[in-house]
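A short worksheet on the structure shown next.
Hydrogens, waters and symmetry mates are skipped; everything else that's a heavy atom, side chains included, is used. In this text the structure is predicted, and so the values were computed from the model without any measurement. Throughout, protein chains are lettered first and strands after them, A, B, ... in sequence-line order, and every chain is numbered starting at 1.
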Number of protein chains: 2
Amino acid sequence: MSFQPITQIKTAITVDFGVIILRYVIFVIDYIYTCYCLYGVKLYKQKDRCALPQPMEGPSKQQESLAFMTNIKKVSELAGVSTATVSRTLKNPELVTENTREKVMKAVQLAGYRPNWLATSVKTGKSNSIVVLVPNLVNPFFMRIIEGIEQAAQEKGYSVLLGDTQGKANRENEYASMVLTNRADGLIQLDHSFPFSANDAALAEKVPMVSVCERIEGERRYPFIELDNYAAGRALTHHLISYGHSRFGIIAGQRTSQIHHDRLAGIKSVLNEEGIDFSEDMLVGGSYRIETGIEGVQELLKRDTPPTAIFCFNDDIAIGALYELKRQGLRVPEDVSLTGFDNVKVSAYMDPPLTTVDQPAYEMGRRAVDVLIQLINRQPLSRTREILPFQLLERGSTGPAKA
Amino acid sequence: MSFQPITQIKTAITVDFGVIILRYVIFVIDYIYTCYCLYGVKLYKQKDRCALPQPMEGPSKQQESLAFMTNIKKVSELAGVSTATVSRTLKNPELVTENTREKVMKAVQLAGYRPNWLATSVKTGKSNSIVVLVPNLVNPFFMRIIEGIEQAAQEKGYSVLLGDTQGKANRENEYASMVLTNRADGLIQLDHSFPFSANDAALAEKVPMVSVCERIEGERRYPFIELDNYAAGRALTHHLISYGHSRFGIIAGQRTSQIHHDRLAGIKSVLNEEGIDFSEDMLVGGSYRIETGIEGVQELLKRDTPPTAIFCFNDDIAIGALYELKRQGLRVPEDVSLTGFDNVKVSAYMDPPLTTVDQPAYEMGRRAVDVLIQLINRQPLSRTREILPFQLLERGSTGPAKA
DNA sequence: GTTCCAAATGTAATCGATTACAGTTTTACG
DNA sequence: CGTAAAACTGTAATCGATTACATTTGGAAC
């Protein structure tokens with residue numbers, strides 16, 4: 001440390017102190033103004049306020065122009081070489097002398113150079129992005145898949161564009177068209193619809209696309225990765241029948257989807273084998289929401305012979321159903337058994353914990369990316385469909401049928 | 001329809017039929033092979049199999065080259081105009097004659113032309129993308145924010161790059177650097193850490209960045225949007241004290257974050273006013289997970305005087321705590337009152353429903369995008385921080401303290 | 001039929017990279 | 001030391017757009 005006379009330090013401290021006070025005053029004024037805008041005057045009582053955060057320097061700095069964008073040309077001049085050499089140093093260092101490499105790297109460091117990704121992409125014709133179409137972001141099951149997608153994509157140098165479609169066709173169209181405009185190299189569809197607009201359908205022919213969990217209706221050109229929903233439907237039914245149930249209810253999600261049909265077919269096939277009649281009366285619901293579970297139970301309990309066991313086609317529905325059954329004074333599983341689907345995290349912590357079907361969601365997401373990248377690179381696929389095994393988790397929400 | 005002699009139709013049908021049969025056979029072989037790979041031989045019983053999906057044409061078509069990429073030059077040749085005119089027709093149609101416009105549009109249609117987004121972006125220097133850093137995708141609270149972000153971004157012509165950081169610094173660094181390489185124009189941080197690596201810190205100075213829910217620790221340059229956590233802490237405490245509680249426990253999430261400090265300060269301030277001592281013993285936990293709630297309850301119940309009311313710093317923790325309290329034979333709220341935070345969907349359907357603090361998550365996401373886009377466009381901000389109001393939802397998990 | 005001006009269109013530079021090809025230096029070896 | 005081959009570096013074309021500037025066209029006014 002360098003020597004400083006005492007007086008100088010004192011001055012410095014005084015000045016600093018002044019600045020701090022000044023900033024604080026400015027901050028307090030701004031803060032009060034903020035509160036005023038948000039709450040009106042009433043809430044200003046000091047004790048209801050948050051611990052005051054540090055004063056801010058404000059956005060002034062951010063008003064300046066984006067001066068930090070250095071390009072390859074500046075670096076090349078700084079290093080005294082051509083742009084080609086700079087590019088090579090960064091992409092194929094083995095083509096460049098140790099000596100030059102050092103010079104260039106020093107210049108890169110000095111200039112704070114980061115290659116413009118847009119320029120690289122336009123030259124190579126690859127965006128290294130994939131777009132994922134999700135019908136519902138808040139469903140933790142979908143998010144688990146996307147976690148897998150994200151992880152796998154990142155490992156392979158791809159980034160993920162999020163397309164929250166809310167099940168709406170026009171939003172799907174918009175996101176899907178990103179692949180047609182080079183904004184993304186490929187597409188993962190978590191819903192069951194064909195995401196391209198009629199206008200783009202011809203172009204869509206050659207687009208790398210994979211669907212996960214669902215199959216795209218009427219489309220046989222795209223690979224898919226899904227659970228063995230038919231077998232899962234059978235397993236659940238066997239499980240309930242082994243407990244002596246014979247009066248069933250089903251609260252379905254999206255009834256137009258492939259997985260709906262598969263699960264239903266699985267259930268029906270076992271009922272058939274066991275000599276239990278299936279009737280359309282047993283089937284209610286139409287979306288994968290908690291409210292569907294509530295309404296479904298209400299409807300099913302109105303039947304002449306209400307069910308003693310209810311299949312819910314996802315855990316959210318089951319959560320709603322459980323809530324409503326309890327509200328109506330019925331006990332689970334003593335009065336009614338209940339099964340979910342997906343094994344979302346909370347399902348294990350409900351009261352009672354839900355019997356459900358575990359899907360390897362994370363793994364499905366990862367596989368989808370693998371397959372998609374193969375499609376993007378025009379590599380031959382070893383398989384165009386993958387049907388993954390499930391696991392039936394028997395927990396507290398199912399039990400023996402009432403005598 | 002054109003006339004066709006009967007015999008010809010018959011032949012066509014026969015051929016078609018042959019093709020279908022052939023495809024079906026190929027499909028079945030492939031299907032069996034798939035099953036073999038996935039399950040082994042045992043599970044082949046026909047009745048355990050899914051309803052057979054339609055035969056697929058396989059990936060052969062997708063092996064072809066990406067021939068559909070038409071560029072502006074081809075369109076210009078097709079229309080017999082210059083590339084400039086094509087560009088103008090699409091971006092500034094008012095600069096072009098009706099006549100030319102028609103010609104060009106026809107050519108665009110014919111060629112199936114979609115402008116290359118990468119090229120446009122490199123020219124204009126704007127990627128029209130923003131990257132969102134999320135510590136945890138599966139948390140529905142975060143996803144609600146992202147829903148808002150996504151929606152607002154889409155409306156303004158931006159797309160959202162998903163950065164699942166899992167709270168890891170190196171992943172944050174990687175995603176944050178997307179803004180430095182023109183891959184994204186701005187950054188929304190949902191966690192409380194400064195996402196840039198030390199290396200990039202100098203460049204980060206001028207990057208458009210906003211944080212939501214959390215403030216970035218030690219950083220005063222970036223705007224933030226958050227809940228009035230201090231006031232929320234106070235409100236929850238008042239609520240519990242009004243029920244006569246005086247022995248409290250707190251199960252916290254990330255203890256290093258700003259919101260943690262704010263909430264805790266709010267709780268402490270009320271305890272102080274009411275003459276209740278705060279001790280570090282009351283505070284357990286350290287992450288926003290269900291397991292934290294379980295472990296937290298176990299720990300708190302070991303105390304000499306276990307709490308009669310427990311603050312959980314998010315709903316997941318509360319769900320875990322509720323589960324564990326019940327498992328230990330305690331009733332909620334008769335024996336122990338419990339509060340959550342965030343108001344995730346399921347919290348209302350727990351047994352009992354959770355008393356919690358509602359955050360306007362969707363709206364916060366939307367606001368974040370508004371602010372970020374202002375930063376990106378170098379527009380002056382009217383306010384560099386926004387503190388949004390909360391709502392205390394009193395539900396079944398809180399009640400009078402045991403006498 | 002000129003003249004003039006505005007509108008429409010074309011030419012060519014540009015964005016920031018990559019890379020084929022050409023030119024230069026270094027190395028290896030007789 | 002000379003020569004060929006190998007290794008390195010530079011020049012300039014290229015990716016697919018946008019846009020400043022130059023040129024052409026069209027129509028109105030006289």
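Whole-Å rounding puts the A:Glu98 CD to C:dT26 C1' distance at 16 Å. At whole-Å resolution of the value, CG in A:Asn92 and C1' in D:dA7 are 14 Å apart. When the C1' atom of D:dG16 is taken as reference, atom CG of B:Leu90 falls 13 Å away, rounded to whole Å. Put simply, NZ on A:Lys123 is 16 Å from C1' on C:dT14, counting in whole angstrom units. B:Asn182 has its CG atom 8 Å from the P atom of C:dG16, to the nearest Å. Remark: C1' of D:dT9 and CD1 of A:Ile72 are 14 Å apart, rounded to the nearest angstrom. In this structure, CG of B:Asn128 is placed 15 Å from C1' of D:dA17, rounded to the nearest angstrom. Atom NZ of A:Lys103 is separated from atom P of D:dC8 by 14 Å (rounded to the nearest Å).
Between the side chain of B:Thr70 and the backbone N or O of B:Ala111 there is at least one donor-acceptor pair closer than 3.5 Å. At distances below 3.5 Å, not a single donor-acceptor pair connects side-chain atoms of A:Thr83 with backbone N or O atoms of A:Ile72. Proximity of a side-chain donor or acceptor of A:Glu150 to a complementary backbone N or O of B:Asp164 within less than 3.5 Å is detected.
DNA chain D is contacted by both A:Arg101 and B:Arg88; A:Arg101 maps to the nucleotide lying nearer its 5′ end (nearest heavy atom per residue). Between B:Thr97 and B:Ala119, the residue anchored closer to the 5' end of DNA chain C is B:Thr97, taking for each the nucleotide with the nearest heavy atom.
None of A:Arg367, A:Arg366, A:Gln374 except one satisfies the side-chain hydrogen bond (donor to acceptor under 3.5 Å, both in side chains) rule with A:Asp370; the exception is A:Arg367.
Within the nucleic acid shown, A:Thr85 comes within 4.0 Å of sugar-phosphate atoms alone, with no base atom in reach, counting heavy atoms only. Backbone-only contact: A:Thr120 has heavy atoms under 4.0 Å from sugar-phosphate atoms and none from a base. Heavy atoms of A:Lys73 sit nowhere under 4.0 angstrom from any nucleic acid atom.
In this structure, A:Thr124 does not reach the C:dT18 phosphate: none of its side-chain N or O atoms is under 4.0 Å from OP1 or OP2. Within the 4.0 Å cut-off from OP1 or OP2 of C:dT11, not a single side-chain nitrogen or oxygen of B:Ser82 is found.
Among C:dG10, D:dG10, C:dC15, the nucleotide with an atom closest to any side-chain atom of A:Ala84 is D:dG10. Counting only heavy atoms from C-beta on, B:Thr100 has its side chain closest to C:dA8 among C:dA17, C:dA8, C:dT11. The side chain of A:Val122 lies closest to D:dG16 when the candidates are C:dA17, C:dC21, D:dG16. Closest contact between the side chain of B:Asn71 and the listed nucleotides D:dT14, D:dA12, D:dA17 involves D:dA17. Side-chain proximity of A:Lys91 to C:dA12, D:dA17, C:dT18: nearest is C:dT18. Across C:dA17, C:dG10, D:dT9, the shortest atom-to-atom separation from the side chain of A:Val96 is found for D:dT9.
Within 6.0 Å of CD on A:Glu77 lie more than 12 heavy atoms contributed by other residues, nucleotides or ligands.
Rounding to the nearest 0.5 Å places OG of B:Ser127 at 3.5 Å from CG of B:Asp185.
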